[in-house]
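Below is one structure, written out as structure tokens; the observations come after it.
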Amino acid sequence: MSAMLDEHPRYRSMMSADLELVVALELKNYEFPWTRGNFSDSLAAGYLCWIVECAGEFVGYSVVATGAGEAHLLNLSIAPTWQRRGLGRAMLDFVTERLRELQIDKIYLEVRLSNAIGRRLYARAGFRELGTRRGYYPAAQGREDALVMELPLRALPS
Ligand SMILES: CC(C)(COP(=O)(O)OP(=O)(O)OC[C@H]1O[C@@H](n2cnc3c(N)ncnc32)[C@H](O)[C@@H]1OP(=O)(O)O)[C@@H](O)C(=O)NCCC(=O)NCCS
């Protein structure tokens with residue numbers, strides 16, 4: 001278990017005014033980061049983009065595309081100094097709850113095979129491994145495979 005948080009995380013929708021902080025964190029957290037354009041396109045497309053704050057400080061974000069009763073978790077990122085306090089899991093639970101309220105049936109995501117922390121986070125939250133997408137991500141040498149994971153949100157009729 002991660003160390004518990006003293007402050008309760010607060011969630012709100014991402015706005016264009018947040019993009020400077022979002023992009024700065026994206027650059028810290030990923031070797032192959034999204035661009036500012038990727039985030040502004042996500043906002044323009046109506047993707048579900050959220051910010052999480054702790055003690056008034058911006059600490060992370062998530063981006064989810066939805067359609068046809070399914071959701072695709074495209075990005076989830078917590079600031080390095082705030083990691084390992086349960087915020088990644090808390091944000092994932094927040095996203096999952098909002099998607100349930102929207103009557104979404106399933107969440108899909110891709111995660112790098114080498115991202116042991118991300119894979120652990122998703123597995124502990126109940127995501128199961130569906131398979132791999134070959135060469136999905138750019139990598140320092142060539143390409144890296146993605147693991148595709150799925151979380152059903154609604155019980156199937158028996
Ligand atoms: C993945 C990420 C969102 C997790 O955020 P976080 O706030 O640290 O996550 P939590 O504190 O909720 O911890 C989730 C699990 O990961 C584990 N974990 C987190 N950081 C870890 C680390 N550096 N080493 C080992 N385990 C770690 C925690 O122990 C916890 O597992 P547990 O419940 O079995 O204890 C964060 O590491 C991050 O932003 N990474 C860079 C971006 C990224 O890879 N995003 C996912 C892409 S698909």
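Computed from a predicted structure; not experimentally measured. Each ligand, and each atom within it, is numbered from 1 in the order the structure gives. All residue numbers refer to positions in the sequence shown, counting from 1.
- For ligand 1, the atoms closer than 4.0 angstrom to any heavy atom of S77 are 39 (O).
- Note on residues 40-65: pairs passing salt bridge (Lys or Arg N to Asp or Glu O under 4.0 Å), not counting sequence neighbours, are R12-E53.
- Listed by first and then second residue, the salt bridge (Lys or Arg N to Asp or Glu O under 4.0 Å) pairs that reach into residues 26-39 come to none, sequence neighbours excluded.
- Near L76, meaning under 4.0 Å from one of its heavy atoms, ligand 1 places the atoms 42 (C), 43 (C), 45 (N), 46 (C).
- Although no hydrogens or angles enter the test, the distance criterion places a donor-acceptor pair under 3.5 Å between the side chain of R119 and the main chain of L113.
- Between the side chain of R128 and the backbone N or O of E150, no donor-acceptor pair lies under 3.5 Å.
- Residue L121 approaches ligand 1 through these ligand atoms, each under 4.0 Å from one of its heavy atoms: 14 (C).
- Ligand 1 has no nitrogen or oxygen under 3.5 angstrom from a nitrogen or oxygen of A90.
- Residue-level proximity to ligand 1 for N115 is carried by the side chain, the only part with a heavy atom below 4.0 angstrom.
- Relative orientation of the F39 and W34 rings is tilted, given thresholds of 30° and 60° on the angle between their planes.
- Residue-to-ligand polar distances keep Y122 apart from ligand 1: every N/O pair is separated by 3.5 Å or more.
- Considering backbone and side-chain N/O atoms, G118 never comes within less than 3.5 Å of an N/O atom of ligand 1.
- Using a 4.5 Å heavy-atom threshold, the side chains of Y47 and N75 count as separate.
- Remark: among candidates E110, R89, R84, M149, the nearest residue to atom 12 (O) of ligand 1 is R89, based on non-hydrogen atoms.
- The closest side-chain donor-acceptor pair between T96 and D93, if any, does not fall under 3.5 angstrom.
- Contact annotation for Q83 and ligand 1: heavy atoms of both the backbone and the side chain come within less than 4.0 Å of the ligand.
- Only the backbone of R85 comes within 4.0 Å of ligand 1, counting heavy atoms alone; no side-chain atom from C-beta on gets that close.
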